[in-house]
Amino acid sequence: MKQKTPLISPNKLYASLLKKKNESELQQKIVKSPNIQGSSSFINQQKNNEGQIKIDQNKLRQTSGKDLKDISTVLLKKSHVRQNSKIIETKENSQNLTQSALQLLQKIKADRPDNKIGQIQTSKEILQYHQQLIQKQYQKLLDLSKQTEHLQLQQQQQQQQKQKLFKGPRSISNPDISTLQLCISKAHAKSIPGMLYTGQTKINQDSYKLIQKFGTKENDWYLQVSDGHGTNGHQVAQFVQEILPAYIEQEVLQSPYYYDRDKTITNILKQNFQKTNEDLLNSGIDVTYSGATTVVVIAFENILYCANIGDSRAIIGRYDTKLSVVELSKDHKPDCFLEQARIIQRGGRVQAYSDEEGNPIGPARVWKLDEDVPGLAMSRSFGDYVASQVGVICDPEIIKHQLSPTDKFLVVASDGIWEFLSNEWVIETVYEFYKKGDAIGACNKLVLAAKEAWKREDEVIDDITVILAFFK
C-alpha cells in the first residue's frame with residue numbers, strides 16, 4: 001500500500017517562510033488576500049524548504065473539518081488552487097482572509113465571462129419566450145378566426161342544404177324522413193268523351209284543371225279531375241272546375257300558412273269544398289239527381305296534398321328496385337264500412353241493383369229508405385241533392401304525401417281509367433314512357449287502353465280523363 005505524503009503544520013511552515021524573508025516587512029504587513037498559484041514549481045519549493053525542518057512524524061495528521069473552518073479555501077477553477085492545495089494563513093488574519101476571500105469570490109463570479117454570457121443568454125431566452133408567447137397568442141387568434149369563418153361557411157352550407165331538404169311529419173303514405181327536394185318537372189292531360197249503348201258519342205261529363213305556378217312559385221302545381229254524373233253532370237263538373245281552384249288559390253295566397261302549413265291547407269281545402277258545393281246549390285243548375293266526383297292534388301314543390309270525394313283517383317308510381325303503387329286517395333264507395341254506417345244513420349240504405357231473382361248486379365248504390373232513388377254509386381260528391389239527404393257528403397278526405405327520390409310520376413284520373421285498368425298495370429305502362437320522358441305518349445297510351453277495355457267489358461264507354469305528372 002502506497003504511503004501517504006506527510007502533512008506539515010501550517011503554523012510551522014508559515015513561520016519558516018517568514019523567517020527566510022524579511023521578518024520586519026512581513027510583521028508590519030498583514031496578508032489580507034494571499035493569491036497562491038497552484039504551480040508545480042511552488043509546490044516543489046515548498047517540499048525543498050520543508051526538508052530543512054525536522055518534523056515529528058507522530059504529530060502529522062490530515063486536515064480535519066475543524067481546520068477547514070479556520071481557514072478559507074477558495075475553489076475557483078481558473079484563478080485559485082484546487083482542493084489539494086494548501087492555503088497558508090495565520091490565526092490573526094483568518095477573519096480578514098475569510099471576508100476578503102468571500103468578497104473576491106463574489107467579484108470573480110460576477111466578472112466571470114461565463115456568468116455574463118449566461119445572463120445575456122437568459123435575457124435572450126426571456127425575449128424569445130415572450131416572442132414565442134406572442135406568436136402562440138397570435139396563432140390562437142388566427143385559428144379562432146379561421147374556425148369562425150369555417151363555422152360561418154358551414155352554417156351557410158347547412159342553410160343551403162336546409163333549403164334543399166324538407167322534413168315533414170309522417171303522412172299516411174310516407175314515413176317521417178328527409179329527402180332531396182323534388183317537384184313536378186312536366187305534366188300533361190287528356191280527356192275524351194264516352195259512348196252510349198247506341199254507339200253514339202256522349203257529352204263528356206269529365207273536366208280537368210292543370211295549373212302550373214299555382215300561387216306564386218314556379219314549382220307549385222294544381223291538378224284536378226272532376227267526373228260528372230246524372231242529367232246535368234257535365235254542368236256540375238264544369239262549375240266545379242272553374243270555381244274550386246279559384247277559391248283555393250285565393251286563400252292560399254292570403255294565408256300565412258308557412259307556420260302551420262298542414263293545418264292551414266287542410267282547412268282551406270275543407271272549407272272551399274263546402275263553399276263550392278253551397279255555390280253550386282245556389283247556381284241555378286238542377287242538381288236534384290246530378291253531381292260530380294272530384295280529386296284535387298296540390299303540389300307545393302315536394303309536398304303533395306290530395307283532397308278527394310268520390311271514385312276518381314290519384315296514385316304515385318314508385319321505383320325502388322321494383323315498381324310499386326302509392327295511393328294518394330281512397331275511393332268512396334257506399335259499401336265501405338264507415339261510409340255505409342253514415343248513410344244508414346242518415347236514413348238511407350246501401351244496395352246494388354238486383355235481377356228478377358234478387359241477385360245483386362253491379363256496384364253498391366245509395367237509396368232512400370222507402371224509395372228506389374237516387375241509386376248513386378258513390379258516397380261522396382258535389383251536388384246530388386237527393387242523395388245528400390241520406391248521407392252523401394262533400395267533405396274531402398285529405399292525404400298528405402312527401403315525395404321521395406323513388407317517386408317517379410303521378411297519375412290523376414277519373415273512373416273511366418280505373419274501372420278496368422288496375423293500379424299496377426297503369427304504373428308499369430307509364431314507367432316505360434317515364435324513362436323516355438314522354439308524358440304525352442303515356443297519356444295517349446292510357447286513354448287508348450282504357451277505351452279498349454270498356455269496349456271489351458261493357459256495352460258503353462265511360463268518359464276518360466287523365467292527368468300525368470313526372471317528378472324530378
Side-chain angles (χ1 to χ4, degrees), residues 203 205-207 209 224-248 251 266-296 306-314 329-353 362-399 414-416 418 462-463:
I203 297 175
Q205 293 187 310
D206 286 357
S207 67
K209 195 76 169 183
Q224 174 182 316
V225 171
S226 297
D227 182 1
H229 52 264
T231 306
N232 301 315
H234 59 290
Q235 296 180 14
V236 175
Q238 188 65 30
F239 182 89
V240 173
Q241 181 262 337
E242 293 174 356
I243 300 300
L244 182 59
Y247 280 159
I248 293 174
E251 292 206 20
T266 298
N267 290 335
I268 288 174
L269 290 171
K270 288 183 177 181
Q271 291 171 7
N272 285 284
F273 267 64
Q274 288 287 348
K275 187 176 181 180
T276 299
N277 192 63
E278 292 173 1
D279 290 350
L280 175 61
L281 295 176
N282 298 321
S283 66
I285 300 173
D286 185 2
V287 294
T288 304
Y289 297 108
S290 298
T293 66
T294 297
V295 58
V296 172
C306 180
N308 178 57
I309 55 172
D311 55 3
S312 293
R313 190 181 304 169
S329 65
K330 296 187 294 183
D331 295 349
H332 296 130
K333 299 295 186 180
D335 54 353
C336 294
F337 177 77
L338 294 178
E339 302 295 304
Q340 185 174 0
R342 185 184 67 249
I343 292 169
I344 293 174
Q345 185 181 16
R346 300 280 185 88
R349 57 188 172 92
V350 176
Q351 186 178 348
Y353 283 127
R365 297 178 181 272
V366 179
W367 310 92
K368 293 182 69 173
L369 189 61
D370 53 353
E371 295 183 63
D372 291 336
V373 292
L376 191 63
M378 67 281 304
S379 58
R380 300 192 190 195
S381 68
F382 285 114
D384 291 310
Y385 178 77
V386 174
S388 67
Q389 305 303 305
V390 289
V392 174
I393 61 175
C394 64
D395 297 338
E397 184 174 20
I398 300 171
I399 293 177
S414 64
D415 68 337
W418 309 114
D462 198 1
D463 304 323

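Positions are given from 1, in the same order as the sequence printed here.
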Practice task
May I ask you to decide if S388's main-chain N or O and R346's side chain share a donor-acceptor pair within less than 3.5 Å?
Solution key: no

Practice task
Give the minimum heavy-atom separation between V350 and A364, together with the two atoms involved.
Solution key: CG1-CB, 3.8 Å

Exercise for the section: Evaluate side chain to side chain contact (heavy atoms under 4.5 Å, CB included) for H234 paired with D206, printing each intermediate quantity in order. Expected result: CA-CA 7 Å; H234 59 290; D206 286 357; over 6 Å; no

Handout entry: Note: K333-E339 ion pair, threshold 4.0 Å (strictly below)
Key = no

Practice task
Identify the two heavy atoms, one from T276 and one from F239, that lie closest to each other, and give their separation to 0.1 Å.
Solution key: O-CE2, 3.9 Å

Practice task
Ignoring hydrogens and angles, tell me if any N or O in the side chain of N277 forms a donor-acceptor pair with the backbone of F273 under 3.5 Å.
Solution key: no

Exercise for the section: Report yes if some heavy atom in the side chain of E251 is under 4.5 Å from a heavy atom in the side chain of N272; otherwise report no. Expected result: yes

Practice task
Examine distances only and state if a side-chain atom of S290 and a backbone atom of V287 form a donor-acceptor pair shorter than 3.5 Å.
Solution key: no

Handout entry: Exam field: side chain D286 to backbone T288, donor-acceptor pair closer than 3.5 Å
Key = yes

Problem - Side-chain heavy-atom pair D370, K368 within 4.5 angstrom cut-off - result: yes

Problem - Separation of I203 CD1 from T231 OG1 (nearest 0.5 Å) - result: 10.5 Å

Handout entry: 4.5 Å side-chain heavy-atom contact, N232 and Q205
Key = no

Exercise for the section: Evaluate the side-chain proximity of D415 to D462: yes if any heavy-atom separation is below 4.5 Å, no if none is. Expected result: yes

Practice task
Determine whether D331 and M378 make a side-chain contact, defined as any pair of heavy atoms from C-beta on separated by less than 4.5 Å.
Solution key: no

Problem - OG1 on T294 to CZ on R380, rounded to 0.5 Å - result: 13.5 Å

Problem - Nearest heavy atoms of V225 and S414, plus distance in Å - result: CG1-N, 3.7 Å

Exercise for the section: Examine the side chains of H229 and D384 and answer whether a donor and an acceptor come within less than 3.5 Å of each other. Expected result: yes

Problem - Minimal non-hydrogen separation, A387 against P374, with atom names - result: CB-CG, 3.7 Å

Problem - Salt-bridge criterion met for E278 and K275 (N-O under 4.0 Å) - result: no

Handout entry: Ring centre gap for Y385 and Y289 strictly below 6.0 Å
Key = no

Practice task
May I ask you to test the L376-S381 pair for a side-chain heavy-atom distance under 4.5 Å?
Solution key: yes

Handout entry: N/O donor-acceptor pair under 3.5 Å between R313 side chain and S329 backbone
Key = no

Handout entry: Where P396 and I309 come nearest, the two heavy atoms and their spacing
Key = CA-CG2, 3.5 Å

Practice task
Taking N308 for its side chain and K330 for its backbone only, find out whether a donor-acceptor pair lies under 3.5 Å.
Solution key: yes

Exercise for the section: Please round to the nearest 0.5 Å and tell me the distance separating atom CG of D279 and atom CD of Q274. Expected result: 11.5 Å

Handout entry: Short side-chain to backbone donor-acceptor contact, W367 and Q351, under 3.5 Å
Key = yes

Exercise for the section: Indicate whether the side chain of Q241 and that of Q238 have a donor and an acceptor atom separated by less than 3.5 Å. Expected result: yes

Practice task
Ignoring hydrogens and angles, tell me if any N or O in the side chain of Q389 forms a donor-acceptor pair with the backbone of G347 under 3.5 Å.
Solution key: no

Problem - Donor-acceptor pair, side chain of R365 and main chain of G375, under 3.5 angstrom - result: yes

Exercise for the section: Assess whether atom CD1 of I285 is packed by more than 12 heavy atoms of other residues, nucleotides or ligands within 6.0 Å. Expected result: yes

Handout entry: Main-chain N/O of S207 paired with S226 side-chain donor or acceptor, under 3.5 Å
Key = no

Problem - Atom of P245, atom of K209 and distance for their closest heavy-atom approach - result: CG-CG, 3.9 Å

Practice task
Check whether the side chains of T293 and S312 place a donor and an acceptor atom closer than 3.5 Å, and report yes or no.
Solution key: yes

Practice task
With the side chain counted from C-beta on, respond yes when Q224 and L244 share a heavy-atom pair under 4.5 Å apart, and no when they do not.
Solution key: yes

Fill in the blank from the handout: Distance col, row L280:CG vs I243:CD1, nearest 0.5 angstrom, shows 9.5 Å

